[in-house]
Amino acid sequence: MDSKTLVVNALTKVVPEEITSEQLTNLIEKPKSSDLGDFAFPTFILAKSLHKAPNMIAEELVAQIDQSGFEKVVNTGVYVNFFLDKASFADNILHTILSKQADYGDQDEGKGGNVPIDMSSPNIAKPMSMGHLRSTVIGNSIAKIITKLGYKPIKINHLGDWGTQFGKLIVGYKTWGSKEDVEKDPINNLLKYYVRFHSEAETKPELDDEARAWFKRMEDGDEEALSLWKWFRELSLSEFQKVYDRLGVTFDSYNGEAFYNDKMDDVIKTIQDKGLLEESRGAEIVDLSDLDLSPALIRKTDGATLYITRDLAAAIYRKNTYNFVQSLYVVGSEQAEHFKKLKAVLKMMGYDWSDDIHHIEFGLITANGKKLSTRKGNVILLQNVLNDAVDLAKKQIEEKNPNLKDKDEVAEAVGVGAVVFHDLKNERRDNFDFNLEEVVRFEGETGPYVQYTNARALSILRKAGKNDFADAKDLALADSEAWDTIKMLQEFPEIVSRAGAKYEPSVIAKYSLKLAKSFNQYYAHSKILTEDSGLNARLALVKSVSIVLQMSLALLGVKAPEEM
RNA sequence: GUCACAGUGGCUCAGUUGGAUAGAGCAACGGUCUUCUAAACCGUAGGUCGUGAGUUCGAAUCUCACCUGUGACACCA
């Protein structure tokens, strides 16, 4: 029986019959502070029917409650406060974690259902910026979280590998570029051409015509145009791969925009067959005014397709290929309306599974309060940020732990971990202004704080010379200094399912910070390695904390170095 | 203008389904390394939870209005 049921049962026997145990379950709450016990029951709802003051009721209930099985039950004002039996609770939860290890918290709500996740999706020939980081790490973390909940994620890198920008790029390359330069430093030089194109096109509009012509040649299958395109794409992908390797992110599919080029005609035909296609101002649209949405533009005046046409094709392709139970898109919140339209059109086409599509939106990153713009050349390059963070981590190691082995490897884990954790720590909808000092901070509520806590826990276990406590008999740790930590360990499965339900990695990040803080407090005030009867139980707690901290970090895609 | 999202100490943010004195972290000030890694721990100071009304025994949390900020609003993605 779980501890809350224990409380409900004790209360059921003493409250008036009309209060069901289901109601009690909803009313019972967790007090903010441990001094007020582990569960509390507010007596307000009984005040009317019993015609008594709530604090009187609390007092009377406490007198009637069977206290066996609890450490104690007391009343504080209008509340009845339940204190659990620490020893048996600790014994129970520590055994569970130590025997399940990395499987602790696993659930089966997903039943193996496929969940494609559209994530990362950088544009070819442009560097990855902090904006792409968000989509990448949020998607990656959600994939790990839902895996623990029994789903099967399919990570799709929907590359921006088609569109008029390639016409611009070809013009830029042919006008100002050279093969040698591009091979030397692909992304930066391609970006240079792109930025220059935009600044020069302001005074020379004929450049835009040239770019359009080159893109037209791509669409018509022109060999020169396509081979340049392919070359740019390959160079870009191998550059992106370097970043993904550092982040530890892998993909199941790289089907980007170009992949759907030959799949859009069918979609348009279906839309037409269902009588949804209308002509308006020379373009072909689906009218969505009934839903208070602006029309979905399926085809431009010149006959070219648009963003939503491609996304319709992609959505249908994914349904046919993966038969998904949910389909996720980790894309910035500025595209919220686009996804509303996408779902609306699919629904009108008769696809009820459009309800299973979820836009996992995230907030904008700005620099000095301004929106980042690739075209204007003001971007924050992800590689630079990671490098800065790792350099700083290296410096810290030289200062604090100069004898550490594998310094570079640890610095990489800590520096990259700090950046990733920073991105996942807050609710994903929050906008934030980029600030390097803040992102590479290692103290306080940061990734390195959690990593450090884990490293110290592992250090204790090394000193103890023991690492396996699954068979240990008496883990009944009744130490009140450790109580908050023990209760937090027990919450982990619930935390995972809440993070999954909200598609919110920050739930895990915040939990890991709380657990680390709580353990650090215990660790700072209690000597663990003392030879007495409680040693085994204390070590089991340390081991359990490290298991859960490592798992939390893993769910965020952050590494957990053993020493730092 | 319409729609969406947001507004909590100097800064960055927490705050399950409304509940007990609103919590952290940075920054400031003060303390703790002969003893399990001081990337840590402890303490002090700092808040009319944007404003005003309403619902409720009870509101940072729900409703309405207003103010402020950000984003989106047909041929970019």
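Proteins come first, then strands; the chains are lettered A, B, ... in the order of their sequence lines, and each starts at number 1.
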When you check the phosphate oxygens OP1 and OP2 of [N], does a side-chain N or O of [X] lie under 4.0 Å from one of them?
X	N	value
A:Q521	B:rC42	yes
A:T164	B:rC76	no
A:K32	B:rA20	yes
A:K510	B:rC13	no
A:R456	B:rA38	yes
A:K514	B:rG23	no
A:K527	B:rC36	no

Using a 4.0 Å heavy-atom cut-off across all strands, classify A:A296 as base, sugar-phosphate, or nothing.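 Here A:A296 touches no strand at all.
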
For the side chain of [X], counting heavy atoms from C-beta on, which of [options] is nearest?
X	options	value
A:K517	B:rG25, B:rA40, B:rC13	B:rG25
A:M564	B:rC41, B:rA39, B:rA74	B:rA39
A:Y449	B:rC41, B:rC13, B:rU37	B:rC41
A:K48	B:rA39, B:rA20, B:rC57	B:rC57
A:Y452	B:rA38, B:rC26, B:rC57	B:rA38

Using a heavy-atom distance cut-off of less than 4.0 Å, which residues of residues 408-419 of chain A contact RNA chain B?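 Result for residues 408-419 of chain A: A:V414, sorted by number.
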
Where does B:rC11 land, syn or anti, given syn is within 90° of 0?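 Anti for B:rC11; the angle lies over 90° from 0.
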
Would you call A:K52 and A:E60 a salt bridge, taking side-chain N to carboxylate O under 4.0 Å as the test?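 Result for this pair is yes, salt bridge flagged.
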
Tell whether A:N81 reaches the base of B:rA20 with its side chain through a donor-acceptor pair below 3.5 angstrom.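 Result: at least one qualifying N/O pair found.
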
Do A:S280 and B:rA74 share a donor-acceptor pair, side chain to base, under 3.5 Å?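 Side chain to base: pair present.
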
Under the rule of Watson-Crick or G-U wobble with both distances under 3.5 Å, where | means paired to another strand and [ ] a crossing pair, RNA chain B maps to (((((((..((((.....[...)))).(((((.......))))).....(((((..]....))))))))))))....

A:Y452 pairs by side-chain contact (heavy atoms from CB on, under 4.5 Å) with which of A:K400, A:E443, A:M564?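 Among A:K400, A:E443, A:M564, the one meeting side-chain contact (heavy atoms from CB on, under 4.5 Å) with A:Y452 is A:M564.
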
Review item, side-chain donor-acceptor pairs of residues 43-51 of chain A, under 3.5 Å, at least two apart:
unit_1: A:T43; atom_1: OG1; unit_2: A:P54; atom_2: O; d: 3.0
unit_1: A:T43; atom_1: OG1; unit_2: A:V78; atom_2: O; d: 2.7
unit_1: A:S49; atom_1: OG; unit_2: A:L46; atom_2: O; d: 3.4
unit_1: A:H51; atom_1: ND1; unit_2: A:K48; atom_2: O; d: 3.4

Count the heavy atoms of every other residue, nucleotide or ligand shown that sit under 6.0 Å from CD of A:E562, and state whether that count exceeds 12.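 Check fails, neighbour count at 12 or below.
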
CD/A:E409: more than 12 non-hydrogen atoms of other groups inside 6.0 Å: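 Check fails, neighbour count at 12 or below.
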
Flag the pair A:D38 / A:K30 as yes when at least one side-chain heavy-atom distance between them is below 4.5 Å, and no otherwise.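 Counting from C-beta outward, A:D38 and A:K30 never come under 4.5 Å.
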
